[in-house]
Amino acid sequence: MIRKLAGGVYSYLPLGYRTIRKIENIIREEMNRAGAQEIFMPAVQPAELWQESGRWDKYGKELLRFRDRHNRDYCFGPTHEEVVTDIVRNEIQTYRQLPKNLYQIQTKFRDEIRPRFGVMRSREFIMKDAYSFDVDEEAAEKSYNVMFEAYERIFRRCGMIFRAVEADTGAIGGSYSHEFLVTADSGEDAMVYCTSCNYAANLEKAEVAAPEEKPVPEQDMLPAEEVHTPDVRTIEEVSAFIGVSPTDIVKTLIFNADGKTVAILVRGDEDINETKLKNYLGAGSLEMAADDEIMKVTGSPRGFAGPRGIRCSLIADYSIMNMKNFVVGANREDYHVKNCNLGRDVAIPAYADLRTVRKGDRCPRCGGEISFARGIEVGHVFKLGTKYSTAMNAAFLDRDGKEKLMIMGCYGIGVSRIAAAAIEQSHDDDGIVWPMSLAPFQVIITAVNMGDDELSQAAENIYNELITEGLEALFDDRDERAGVKFKDADLLGIPLRITVGAKRLAEGNVEVRFRKTGEVRVIPLSEATGFIRSTVDEETRKIMA
RNA sequence: CGGGAUGUGGCCCAGUCUGGUAGGGCACUGCGUUCGGGACGCAGGGGUCGCGCGUUCAAAUCGCGCCAUCCCGACCA
């Protein structure tokens, strides 16, 4: 079905490509139904556009760059916000021409550090990307919802079990987004969902509810005490040396966000979610602070940082809100402080949700129980806002004659990845089990013995009938033993198989076998085509129900 | 970019340690038998042993360098 040409670069052979075409057509139908218009943009894009949006420098090494013979810079498009925004700003002048939603199905290239799992995470891949342009927030929201619903229809028609989850906007940028994940244990993305309400989010985005603040009464506070902790730096070491649980230690992590130093407090057994922190700070870049920076704000080497007297801004995760008599670093080499308390010893200017959700947390919406699952991301919808229209000045004249920026949204679907995800989600020991809508062929005709003229003629007649009826049929006319043909048909995952054999044929019958269930039905020769027609129609209908 | 492994007919691999005429299985071609869940017999075709340099009478095998691929990590729509 597919063959690798180079790392993360694949050819689609006849059967694989038929499935790709099926997926593309489902997407086309649903996008058109949702009011989007298909276009086709260049895969190769000039550097100027990317410099205009600012992403030429920001996108990093994933962007494949090269020069032409005139030494001009180009890239192979990993996405098309710049190109489509350029088209729209040139073509659209007035609110009368809006809203617009343009999409394309294109080969993209992202120079992944490590492509893996075949076509699941390749460098060159086929993607449908759509871009919406609206006059105001309200209209943009509507466009977003229309796309959201179109996506649900698309994935349902592809026969997939999926879930839409709230997601981080990442490098594309924008105000909010949803990922569509196909549930699969082998999936690369972790998600969290509530078992009582419909809350579902990507793990890096999933919120932790703010706890209720319960100040510790003065009389419960033990006197703070500095203790000598020579060469004791990590949470484990501190915990073992002082003899307290990690849940009684407050960890102080120093980060560098866009060049500014910031200290984050979190309970000793928790980890900071850097995506959340980055978003909270509105930072472009975020990394752990260097040793000299730590020395500057704490006056001590790495391993003894604490909130008391620290010389940089301070933010605390909710996890420390109701702790009492806890241990922190003393900002002095080889010392920690015991029985530290909030209010008395440490003033917290701001609390925030900065850690990753874990088992036992409650749903941030309804307080219900949350559960974890893994999935494969097959689609992503973003509300972009004016990020690109600002950078590239995509404006129009509104009803009142004033110039305004277009509100954008962008919507991607990994076409080649859907094929991989469908196989991942639906296979057995004998091979693929395609849903009717994605199968390269709906039915395969297996002639048990091609050496038998009567039999092979009967099989060919059925094939011609099916084709005439407009069904997608594959005729296995190879001169192979029956067992070989059966195994191959199973491996390919064709949903229906007509077996033409001598015994049944003598009775005027053929067998129809269902790949998914293994069920076999004996059907009179004359009714075979009709039976296949109605089965195909029924399967297609069932998928949408 | 770090750590590990592997490069031998189209595919999977043995042979490398201990240098001495390149092998097996699958696939392919021909003939015969077989023929409803991956048949069998006989006869064939096909390999610069990843590339380069070196050691040696002699290199798939030993040494050095390079390249490619895969796995693990950091990274990431």
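Lettering of chains follows the sequences in order, A, B, ..., and the numbering in each one begins at 1. Computation of the quantities below employed the complete heavy-atom set of this structure, encompassing side-chain atoms and omitting hydrogens, waters and symmetry-equivalent molecules.
- When only modelled atom types and interatomic distance are considered, A:D134 and A:S143 share a side-chain donor-acceptor pair under 3.5 Å.
- Note: CD (A:E62) to P (B:C1) measures 17 Å, nearest angstrom.
- Taking only distance into account, the side chain of A:R497 never meets the base of B:G36 through a donor-acceptor pair shorter than 3.5 Å.
- In this model, the phosphate group of B:A39 is approached by a side-chain N or O of A:R481 to a distance below 4.0 Å at OP1 or OP2.
- Using a 4.0 Å heavy-atom cutoff across all strands shown, A:D452 reaches no nucleic acid atom at all.
- Classification of A:K205 and A:E166 as a salt-bridged pair fails, no side-chain N sitting under 4.0 Å from a carboxylate O.
- Residue contacts shown for A:R123 are absent, as no nucleic acid heavy atom lies under 4.0 Å away.
- When the C1' atom is compared between B:C12 and B:G30, the two are found 26 Å apart, to the nearest whole Å.
- Comparing B:G36 with B:A60, their P atoms sit 49 Å apart, to the nearest whole Å.
- Checking A:R55 against A:Y388 by side-chain atom types alone, a donor-acceptor pair falls below 3.5 Å.
- For the C1' atoms, the distance from B:C62 to B:A74 is 37 Å, rounded to whole Å.
- The side chain of A:R110 lies closest to B:A77 when the candidates are B:G36, B:A77, B:G38.
- Ring geometry, A:F531 versus A:F514: the interplanar angle exceeds 60°, so the pair is classed perpendicular (tilted spans 30 to 60°).
- Side-chain atoms of A:R513 stay outside donor-acceptor range of the base of B:G36, with no qualifying N/O pair under 3.5 Å.
- Of the listed nucleotides (B:G37, B:C76, B:A77), B:A77 has the atom at the smallest distance from the side chain of A:Y59.
- Rounded to whole Å, the C1' atom of B:C49 lies 12 Å from the corresponding atom of B:G23.
- Distance from the side chain of A:R504 is smallest for B:G36 among the nucleotides B:C76, B:G38, B:G36.
- For A:E377, the listed nucleotide lying nearest its side chain is B:A77; candidates were B:A77, B:G38, B:C76.
- For the pair A:D428 and A:R515, the salt-bridge criterion is met [side-chain N within less than 4.0 Å of a carboxylate O].
- Using a 4.0 Å heavy-atom distance criterion, A:E511 is classed as a base contact.
- One P atom belongs to B:G25, the other to B:C71, and the distance between them is 30 Å to the nearest Å.
- A:D479 has its CG atom 16 Å from the C1' atom of B:C28, to the nearest Å.
- Base pairing analysis places B:G30 opposite B:C42; the two distances defining the Watson-Crick or G-U wobble pair are each below 3.5 Å.
- For the pair A:D488 CG and B:A27 P, the computed distance is 12 Å after rounding to whole Å.
- In this structure, A:K383 pairs ionically with A:E137, as a charged nitrogen and a carboxylate oxygen lie closer than 4.0 Å.
- B:C57 is paired with B:G20 under the criterion used here, namely a Watson-Crick or G-U wobble arrangement in which both key atom distances are under 3.5 Å.
- Looking at heavy-atom distances under 4.0 Å, A:E480 makes no contact with the nucleic acid at all.
- In terms of position along RNA chain B, the nucleotide closest to A:A482 lies nearer the 5' end than the nucleotide closest to the other residue of the pair A:G379 and A:A482.
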